Undergrad: 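Attaching a single structure in structure tokens format; questions to follow.
Below, chains carry the letters A, B, ... as their sequence lines are ordered, and counting in each starts from 1. Hydrogens, waters and symmetry mates play no part in the numbers below; they use all other heavy atoms, side chains included. Just so it is clear, the model here is predicted, and its values are computed rather than measured.
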Protein chains: 2
Amino acid sequence: MQNQSLQNIIRKNEENNGFIIVNQKEFLEKILFQYYKSKTFASFRRSLNSYGFQVYQLQNGQKLFINKNIISINQNIHKRNLNPPFQNYYQLIESEHQILLLQLTQIKKNQQLMEQNIKRVLSLQEEITRKMKLTMIQYIQGLLDGFIKGKKAEQFVLQFCFSIKNKQFSNIFETIRKIYEGQFQKSLIITRYQLLSII
Amino acid sequence: MQNQSLQNIIRKNEENNGFIIVNQKEFLEKILFQYYKSKTFASFRRSLNSYGFQVYQLQNGQKLFINKNIISINQNIHKRNLNPPFQNYYQLIESEHQILLLQLTQIKKNQQLMEQNIKRVLSLQEEITRKMKLTMIQYIQGLLDGFIKGKKAEQFVLQFCFSIKNKQFSNIFETIRKIYEGQFQKSLIITRYQLLSII
DNA sequence: GGTTCTAGAACC
DNA sequence: GGTTCTAGAACC
């Protein structure tokens, strides 16, 4: 390219980051044939392309090769890092996709198991609530039958009822509150039937 | 291709599903230039390629174009369906990826909600357990203080304890079982302290 | 549907 | 790292 006699075949562009092939026919015969093994322009172009050169057709039919990544055509130009083969990339994406899908499936299964467990816990809690109600009924029955007696026993029933703190029982609490307003026996019978009705 | 005078430039192959360019230079000058707009062999090859032709180099340097999808070179040959552009495919994968990510995000949210619910259930259950223990202590205290009396009351304690069905209480059940083996007052005191120690 | 540049893939 | 075929993409 330094050779002045070749200036009408090939010469640098003004930006000094490429070159113009002035006479492609002569270039093929006199330069490509002598300096490269390549016989075809396509092969020459593929090589330049793999070093980062782009080809532009000038209006006079001449071809301009420019490498936008270099500052000077005289510097060492390295072959561009090729993209990983498409198939590999595709398989990578595909396998990532598969991993995501597997994870999703696993998570969905886990969620189903968790929901089942929550349902079990809820039904257990319902069972416990039911049994506590039964216990309360039995206790009230004990008061009615007279084998549980005295002011302390009444206080205990009240405490017991409030300790359960269940919205479902609020009307029963209200009834039991009346125990301290004198209607002890009557209130107990009402409470017992209320409890039986909501079990 | 029917023209006999062109047989030394281009001719059909024996299988009749392609053709051989015998003299590429003459082919370019005499045929490509006259019948096609194309000036370059590359363009001609690209066109043939998009119709399904593959190129083979013969040992004598001649080029053999074969279309393995056709039976005869004389039939109508249709342009191959192009693959959907890579970018479209990439975007498809990307959007599927986005859908997966959205699903993951949704599932994570669901799991957080579920965990919150489980924590709520657990704390409720702890509360219930604590209150049941307190109730049991009060009941036992009642037995000790004498305001709860008789065989029925004892039976009730046992029933109450078993109705709770909690592994944590199993040693307490065992203690209470002893109530029916004569050591009534002593067992009740032990049970009360056991209950207090695990609250 | 042809043209051209570009880059992947396989081969050497 | 060059060579060659192939096909994507953009443009006409």
Undergrad: Round to a whole Å and report the spacing from CZ of A/F41 to P of C/dC5.
TA: 8 Å
Undergrad: Taking only N and O in the side chain of A/T40, is any of them less than 4.0 Å away from OP1 or OP2 of D/dT3?
TA: no
Undergrad: Out of C/dG8, C/dT4, C/dT6, which nucleotide sits closest to the side chain of A/R46?
TA: C/dG8
Undergrad: Does C/dT6 have OP1 or OP2 under 4.0 Å away from a side-chain N or O of A/Q54?
TA: yes
Undergrad: Tell me: CD of A/Q24 to P of C/dT4, nearest whole Å?
TA: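 Whole-Å distance recorded here is 11 Å.
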Undergrad: If you compare every side-chain N and O of B/R45 against the phosphate oxygens of D/dC5 (OP1, OP2), does one of them come in below 4.0 Å?
TA: yes
Undergrad: Test of understanding: clusters of I, L, V, M, F, W, Y form through side-chain heavy atoms closer than 4.5 Å, transitively. Do B/I73 and B/I20 belong to the same one?
TA: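 Different hydrophobic clusters.
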Undergrad: Which one, C/dA7, C/dC5, D/dT3, comes nearest to the side chain of A/S47?
TA: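 That would be D/dT3.
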Undergrad: Using the rule given for side chain to side chain contact (heavy atoms under 4.5 Å, CB included), can you reason through A/I21 versus A/F41, listing the C-alpha separation, both sets of side-chain angles and the distance that settles it, and then say yes or no?
TA: CA-CA 11 Å; A/I21 295 170; A/F41 190 74; 3.8 Å; yes
Undergrad: Can you list the steps and then say if A/Y56 with A/K63 is a side chain to side chain contact (heavy atoms under 4.5 Å, CB included)?
TA: CA-CA 6 Å; A/Y56 297 89; A/K63 282 196 167 68; over 6 Å; no
Undergrad: Output the rounded distance in Å from CG (B/L58) to C1' (D/dT4).
TA: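 After rounding, the gap between these two atoms is 15 Å.
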Undergrad: Show the numbers, then the answer: is there a side chain to side chain contact (heavy atoms under 4.5 Å, CB included) between B/N74 and B/K12?
TA: CA-CA 10 Å; B/N74 297 321; B/K12 295 178 195 174; 3.4 Å; yes
Undergrad: Is the distance from OP1 or OP2 of C/dC5 to the nearest side-chain N or O of A/Q57 less than 4.0 Å?
TA: yes
Undergrad: Just N and O in the side chain of B/Y51: are any of them under 4.0 Å from OP1 or OP2 of C/dG2?
TA: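 Answer yes for this pair, as a side-chain N or O of B/Y51 is under 4.0 Å from OP1 or OP2.
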Undergrad: Calculate the interatomic distance between B/N67 atom CG and D/dT6 atom P; express it in whole Å.
TA: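 Distance check: B/N67 CG to D/dT6 P gives 11 Å.
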Undergrad: B/F65 CZ to D/dT4 C1': how many Å, rounded?
TA: 12 Å
